[in-house]
Amino acid sequence: MMSLSYQSNTEGNEDKLTYPWRKLGVAFAVMIFIALLAAGVGAVNIHPLIILKILMSKLPFVHIDPNWQHTYETILLQIRIPRVSLSCLVGGTLAISGATYQGLFRNPLADPYLIGAAPGAGLGATIVLATSVPTFFQGINILPLAAFVGAIGAVSIAYFTARNSDGLPLATLILAGVAIASLTTALSAFILIRSDPDVRPVLSWLMGGFIHAQWKHSIMILPYLIPTVIVMLVHGRLLNVMQLGEDHARQLGVSVENIKLLLIISATLSTAAVVAFSGLIGFVGLIVPHSVRLVWGVDYRFILPMSAISGAAFVTLADLVARTIINPIELPVGIVTAFCGAPFFVYLLRYRRYVAM
Amino acid sequence: MDKQNKDKLRIYIMISILSFLFMTCSGNLSTNEPRNTNKILDTDTSNVMPDSSSLYSDIFPYAVMDSRGKIITFTKPAEKIVVLDNAALDTIYSIGEWHRVVATHDFASYPPQASEIPKVADAFNMNLEAIIELDPDLVFVFYETFVSDLEDAGLKVLYLESLGNDLEETTELITMWGRITGNIDRAEKESLLFDERVSTIQGMLSNTDSELKVFQDVGDLWTPGQNTLMNTVFELLKLDNIAKDVSGYVQMSPELIVDRNPDLIIALNPNSITTNSIFKDVNAVKNKRVIKMPSDALSNAGPRFALGIEELAKVIYPQIFGNE
Amino acid sequence: MLVIEKLHFDYNGQNILEGVNIEAPKGHLTGIVGPNGSGKTTLFRLISGVLKPASGKIIACGTNMSTVNTKEKARIVSIVPQNPTLPPNYTVRDLVLMSRNPHLKLLEQESHLDFEIAEHSMELTEINHLSKRRVGTLSGGERQRAMLAMALTQQTPILLMDEPTANLDLIHQTHIMNLVRKIQKEDGRTILMAIHDLTLASQYCDRLIMISNRKDFVTGSPKEVLTSDNILNVYGAKVLVLPHPNNDGLIVTPTSNDESDSRNL
């Protein structure tokens, strides 16, 4: 009797035991398709055939006569593809960091900016853009550095404010983050008010965008992204256990304090790194993980990678819209993510009868 | 063309001048824009002045229609003026009436004396109490936010949204300030000088037909398109603005900048262009023609604007304008 | 077995436990009784490692609990908490499987064996049919059994249960207590259970420890511990302790001072 029921149960478990690689694979293929589409479409019209030829010519052992306008090559290889690459990295990072924070804080409102990263980065950027601090120091653009330092700084202050001898109470951390956020926002506003009345560069930075995307940006953020994203990905199962609450999770053998610290560092570092080059793209880190959860369920082992893939696809698509919808004008991508993302999210909430978390 | 201009974009000036004398003697009173055709008859005026002297009675009463369509009437020169606009500061300074300016805003960059007078406003706010305490007989503003507050406080306010795309508006502003301050002779001279400078440049470039393609980056690849004063300057300097297919200030797609391949780039931060590998094949970068604005003269459409055009012309066409 | 020696704990300078001594013999169901606020829940949190004692020793299966890390603790002691917030969108099976965490490495995923263990626990607690239900849709009794299944899946020699019958109606109370007894008989687990209902305690527990004033007051068999004198001392309540007509247990029922007394007489 017992062994019989074991048998049947084990069979029923086959679906659970096999990780849904297929779904991730399909999602990844869709993302690649969107990336290719984004590489193929832009303000300058380049024939797909020429794009193919340019790409082929870059492959080793392939020789194709470069009979195309050489600016096309620059546009494709130096502007469009780096831009697609950066938008994928940024979107994926924001979404996975948002998913991590939602899991860690068990708070449906959590996004990567929850504990002060965004206003901190905003302050850094505002200082560079709106004061006499030079944007270029020895030929190096210090804007990303300032945004990065600002984000890390704000989160660190919130962290050390909230930390006490017993550990890190997450509710206190959120409140500390809110306090630091209002403080840095007030400082930014003060700087803006005392500065040049042309706030457009600051504003467009705050809305986020990839207008300056270059290969080196993708390369520069990779060292931050690779370890932190791996850390987040491997904690999927533990994030599930964390949903029981800290005490219960601890009783199940989870080193709660270590994991909180590790995940906060990972999400903050990766968010700060991408925000430094993309500006503050809102909404992605909030709605992508929720949408994934809505459609595919609550298991963080799946939510984390799926959020990364979906976030990459979503932001790349949003950027494609941002740079082509009013040709030749660029829109801040943050406007597009909010404008397209919000109605979709409302739809999901309304028709999926979603219970947050 | 950075700073204030950008915030005062795409706005027309409505000035109509009314003094009996100049109504009859001058044909240069209305702007070219069709919507600015209203010339306001000063019905109060019964005095007829046959010759143009600098007597105040020749000039006053004088009426200006502001950007709301309200008519502001002057019966004597404004003695204490709060000027919250850089172009107006420049204009008043150039006609030698600086002593009338009692306060300005934080962003006054020219003339140097601007740093010595009280600052009563910043980008978003105005210190109403400080302005009232100064007891000015005119407050000049370029945006409407605080106009009714000022008027409620019993102050006389002239609100003119500035900067269309027409250089003539600048000369009209010079004349207007001449009348408001009672120094019409000097204003006429300045206005004439302005026109002369502009036409000289035009004349010197009349034989030039090499239309250099230009891109101006005022920060973050924002650029002036059609219907901006800067585009007018480019046209005057025989430059072909690569953003002329769009209107107003826009953020330009870097792909298009590369595709349209400007021969000259005027950048807020030349470094941001030259160090960006995206632009390495652009003519302007290859030929090292990424320049900074020679000065901030082109940031305000005051009398210095003509000098700004000259400076820019010298940088762009050294062979024509020499090096002096 | 579980031995606790001179356990002290204070919180913000306030003493919560002042030298508690407990011995829970292997394979027995030991009940902890005592009034509200006597420190039962704190005691459980100390044993399971959520809190750290100020002094004293907790020795479980020969291991001093202060010398092992969180994960090792979780392989020795499991707990059914009193009122946990369970994530409503997970299925019962996902929930029960979470308890395999102490046996898994960071990157390790649940194996067939882990699934079998979880299924077995659900079998024992009679919630197999609920395995695909979402936790948010469970009734109180089903939740309690799901949590018991979680604790069983953890496969620890020692199981702590904090008021497993709280918030349950009469029939579910008996159901869960019978389950506990059955499990304990089956695999010889050491169980320490905080329990309010003295009648239930007397029927199901092998031994009882009565806690009073932040210390253990009396230890022994239910009959030894649950005397009306002890209860009057510890709870300050007059009770009637009667032998149970159908089993070895007792019936403990309050007697009010005046009217009801006179009515009974």
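- Heavy-atom proximity under 4.5 angstrom to chain A picks out C/Met150, C/Gln154 from residues 144-165 of chain C.
- Looking at heavy atoms from C-beta onward, A/Val298 lies out of side-chain contact with C/Thr91 at the 4.5 angstrom threshold.
- With respect to chain A, the highest number of heavy-atom pairs below 4.5 Å among C/Asp114, C/Leu104, C/Asn69 belongs to C/Leu104.
- When each of C/Met98, C/Lys73, C/Arg75, C/Glu108 is checked for heavy-atom pairs under 4.5 Å with chain A, C/Met98 comes out on top.
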- Task: Dump the intermediate steps for side chain to side chain contact (heavy atoms under 4.5 Å, CB included) on C/Thr85 and A/His248, then the final yes or no.
- Result: CA-CA 9 Å; C/Thr85 45; A/His248 204 164; over 6 Å; no
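- With a 6.0 Å radius and a threshold of 12 heavy atoms from other residues, nucleotides or ligands, A/Phe302 has its CZ atom above the threshold.
- Of the residues considered (C/Leu95, C/Val77, C/Ile79), C/Ile79 shows the highest number of contacts with chain A, using heavy-atom pairs under 4.5 Å.
- At a 4.5 Å heavy-atom cutoff, the contact between A/Arg250 and chain C is made by backbone and side-chain atoms alike.
- For a residue to count as touching a neighbouring chain, one of its non-hydrogen atoms must lie under 4.5 Å from one of that chain's; by this rule A/Val254 touches chain C with backbone and side chain alike.
- More than 12 non-hydrogen atoms from other residues, nucleotides or ligands lie less than 6.0 angstrom from OH of C/Tyr90.
- When the candidates A/Asn240, A/Val256, A/Leu233, A/Val234 are compared by the number of heavy-atom contacts under 4.5 Å with chain C, A/Asn240 comes out ahead.
- Of the possible polar contacts, one joining the C/Asn101 side chain to the A/Leu252 backbone as a donor-acceptor pair under 3.5 Å is found.
- The two residues C/Pro81 and A/Gln251 make their nearest non-hydrogen contact at CG-OE1, 4.3 Å.
- Interface remark: A/Leu238 contributes side-chain atoms only to the contact with chain C (heavy atom separation under 4.5 Å).
- Below 4.5 Å, heavy atoms of chain A meet heavy atoms from C/Arg45, C/Ser48, C/Gly49, C/Val50, all part of residues 28-57 of chain C.
- Separation of atoms CG (C/Leu107) and CZ (A/Arg237) is listed at 9.0 Å; rounding is to 0.5 Å.
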